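Here the structure comes first, spelled out in structure tokens, and everything after it is commentary.
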Amino acid sequence: MANQVSPLGTTAAMTTTTAKTGTAAKATPATESAKTGSTESVAFRAALDVVRAVEPRIADAIGAELADQRESLKLIASENYASPAVLLAMGNWLSDKYAEGTVGRRFYAGCRNVDTVESIAAEHARELFGAAHAYVQPHSGIDANLVAFWAVLADRVESPALRRAGVRQVNELTDQDWAVLRRELGDQRMLGMSLDAGGHLTHGFRPNISGKMFDQRSYGTDPETGLLDYDEVRRIAREFRPLILMAGYSAYPRRVNFRLMREIADEVGATLLVDMAHFAGLVAGKVFAGDFDPVPYAQIVTTTTHKSLRGPRGGMVLCGPELADQVDRGCPMVLGGPLPHVMAGKAVALAEARRPEFAAYAGRVVENAVALAEGLSRRGARLVTGGTDNHLLLVDVSGYGLTGRQAEAALLDAGIVTNRNSVPRDPNGAWYTSGVRLGTPALTTRGLGVAEMDDVAGLLHTVLSAIRPGVGPDGAPSKARYVLDRAVAERVAGQAADLLADYPLYPVVDLG
Ligand SMILES: *Cc1c(COP(=O)(O)O)cnc(C)c1O
């Protein structure tokens with residue numbers, strides 16, 4: 001960490017590293033006093049005072065959230081810590097503006113500043129990812145996927161129908177032609193990764209609107225290796241002939257070869273849609289390059305902006321010129337009015353992600369995940385696919401005789417925040433599960449490195465080995481109850497707190 005600019009503040013890192021041992025020393029008193037007077041501290045304290053004057057309980061909850069985030073060892077693979085600049089870009093009067101439409105073509109007057117914000121965010125996104133077009137309005141990842149689904153449906157189903165009918169827009173269709181088109185739009189096929197292999201609910205699963213819109217089939221992973229089997233994807237695609245081939249995941253611990261996925265899509269006439277919600281930061285940081293960068297290969301790419309990309313909560317769509325007009329119809333097609341304050345946060349985060357420091361960060365995220373995986377394997381933990389080459393790993397906790405739910409709850413008792421997750425062909429289903437998903441984007445932002453990952457692996461293994469499955473009120477084995485010795489939980493929580501104390505979260509922010 002020596003001389004590294006902290007992403008969590010504008011001043012230099014508050015911890016110093018002795019190169020030999022890799023251990024961090026606490027900030028000196030001189031930097032402590034600099035910190036309390038930092039611009040960020042003044043800004044956040046003043047903002048909270050303004051909130052407190054109206055509803056003190058909300059100001060208290062905001063302050064308490066900072067304390068909770070500081071104290072917890074966060075291994076949730078989909079979370080991160082946005083910089084003070086990103087956070088502050090969102091708390092202002094840009095929020096008050098309605099701006100339906102796109103830059104320069106709004107349905108409301110007075111949007112010149114929103115135009116500035118949106119065009120800067122889109123420009124950063126295009127440059128960062130090398131995309132021809134970027135649409136930065138989606139409010140979340142699910143919304144980005146909805147925009148993408150309807151852009152593809154409009155391009156490949158609606159536009160041809162309009163051409164056949166000799167009209168320019170849907171309002172000109174006869175009632176009969178409209179009824180036929182509506183049925184056609186609702187009768188398209190999507191192929192995506194199965195949920196238990198790491199796919200996402202928005203990739204055509206029935207509880208989500210995508211599953212009600214599309215006739216969906218999924219591809220899994222090889223039962224032996226746990227790896228994606230491209231021949232199997234091709235076989236299913238040839239048989240099923242989907243309109244959309246989805247790639248992307250939220251719990252698959254390996255890279256995906258998007259060149260091969262595009263070959264398969266082309267072979268069956270499908271549009272390749274890559275949802276990089278989880279790993280956008282690794283694409284931005286050029287850790288995923290060549291065949292593993294989806295942008296050159298997919299016709300359309302969706303993402304969140306708040307996971308490994310480390311921006312505000314939100315979504316984004318990237319595409320080539322062919323789909324750009326359809327994507328830009330996202331609002332009002334499926335989105336409410338854009339959130340200009342969040343687009344401002346996206347612009348700031350994307351500017352940060354274009355710096356060399358971000359590429360270094362993305363590299364450390366993967367190094368840390370590999371170190372965490374090695375530390376766990378060495379201690380006897382069973383990992384899906386045997387390891388990782390991205391930012392996440394999946395521990396099969398059945399090896400410890402536990403369900404994911406027992407492991408997740410007991411780890412929380414010891415101050416470690418994770419989430420349970422299905423493993424391939426999970427015998428415990430999607431609620432109890434047999435896995436715990438771990439990710440390194442958040443801890444890497446705090447500054448923890450490879451040496452600390454081994455300590456974290458030790459803490460995880462200590463707790464997982466100490467948990468005993470509990471019994472229900474009827475004495476039968478329970479998938480939810482567990483017993484964890486209080487002394488173990490307290491000792492690990494103390495060790496986790498000690499580890500985190502060396503890597504203060506938002507060191508430049510002191511709420512006093
Ligand atoms: C997180 C995630 C989403 C949804 O993002 P939200 O912002 O929560 O709507 C969509 N797809 C994938 C692959 C994800 O991991």
Side-chain angles (χ1 to χ4, degrees), residues 74-80 82 86 90 135-150 152 190-205 207-211 213-214 216 218-219 221 228 244-256 258 261 272-284 288 292 294-295 298 300-318 330-331 334-336 338-339 342-343 345-346 349 365 369 388 390-394 418-422 430 435 437-442:
K74 182 150 93 174
L75 285 164
I76 294 181
S78 50
E79 292 189 7
N80 212 326
V86 168
M90 289 190 282
Y135 183 63
V136 297
Q137 290 187 16
H139 309 160
S140 69
I142 179 170
D143 289 359
N145 281 342
L146 279 175
V147 169
F149 298 155
W150 282 99
V152 176
M190 167 183 288
L191 175 60
M193 192 176 217
S194 69
L195 273 184
D196 68 349
H200 194 262
L201 210 58
T202 58
H203 298 186
F205 295 93
N208 180 258
I209 188 167
S210 56
M213 281 166 54
F214 289 97
Q216 194 261 22
S218 45
Y219 53 84
T221 46
L228 194 54
I244 296 177
L245 173 61
M246 292 284 302
Y249 52 78
S250 38
Y252 179 65
R254 296 289 173 178
R255 297 185 296 187
V256 173
F258 298 112
M261 293 303 272
L272 178 62
L273 195 173
V274 175
D275 178 353
M276 63 172 183
H278 252 262
F279 54 88
L282 304 185
V283 178
F288 284 3
F292 306 103
V295 179
I300 186 160
V301 174
T302 57
T303 186
T304 60
T305 47
H306 49 275
K307 298 183 182 175
S308 56
L309 196 53
R310 209 163 69 186
R313 307 201 74 76
M316 195 162 70
V317 182
L318 307 173
C331 166
V334 295
L335 300 175
L339 311 175
V342 180
M343 292 196 290
K346 289 174 185 172
V365 166
T388 179
N390 58 22
H391 64 296
L392 70 86
L393 43 143
L394 198 54
T418 64
N419 67 282
R420 66 185 185 278
N421 208 101
S422 303
R437 186 183 67 165
L438 308 172
T440 52

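This one's a predicted model, so the numbers in the text were calculated from it and none came from an experiment. Order of appearance sets the numbers: ligands from 1, and atoms from 1 within every ligand.
Between Gly141 and ligand 1, a contact under 3.5 Å exists for at least one N or O pair.
Summary of contacts: the protein heavy atom closest to atom 1 (C) of ligand 1 is Lys307 NZ, 1.4 Å. In this structure, the protein non-hydrogen atom closest to atom 11 (N) of ligand 1 is Asp275 OD2, 2.6 Å. Scanning all protein heavy atoms for the shortest distance to atom 10 (C) of ligand 1 gives His200 CE1, 3.3 Å.
Counting only heavy atoms from C-beta outward, the side chains of Tyr219 and Leu228 approach each other to under 4.5 Å. Taking 4.5 Å as the limit, some side-chain heavy atom of Leu318 sits within range of a side-chain heavy atom of Met276.
For the pair His306 and ligand 1, a heavy-atom separation below 4.0 Å is found.
In summary, the atoms of ligand 1 found under 4.0 Å from a heavy atom of Tyr249, numbered by their order in the structure, are 13 (C). The contact set between ligand 1 and Thr304, taken as ligand atoms under 4.0 Å from a residue heavy atom, comprises 5 (O), 7 (O). In the vicinity of Ser250, heavy-atom distances shorter than 4.0 Å reach the ligand 1 atoms 15 (O).
Within the model, atoms CG of Leu146 and OG1 of Thr202 stand 8.0 Å from one another, a figure rounded to the nearest 0.5 Å. Annotation: the span from Lys346 atom NZ to Gln137 atom CD amounts to 8.0 Å, rounded to 0.5 Å. In this structure, the separation between CE on Met90 and CZ on Arg313 is 9.5 Å, given to the nearest 0.5 Å.
With a 4.0 Å heavy-atom cut-off, ligand 1 is reached by the backbone of Ile142 and by its side chain too. Only the side chain of Ala277 comes within 4.0 Å of ligand 1, counting heavy atoms alone; its backbone N, CA, C and O stay farther away.
Within a 6.0 Å sphere centred on CD1 of Ile209, heavy atoms belonging to other residues, nucleotides or ligands number 12 at most.
For atom 15 (O) of ligand 1, the nearest protein heavy atom is under 4.0 Å away.
No hydrogens or angles considered: a donor-acceptor pair under 3.5 Å links the side chains of Asp275 and His203.
Not less than 6.0 angstrom separates the ring centroid of Phe288 from the ring centroid of Phe258.
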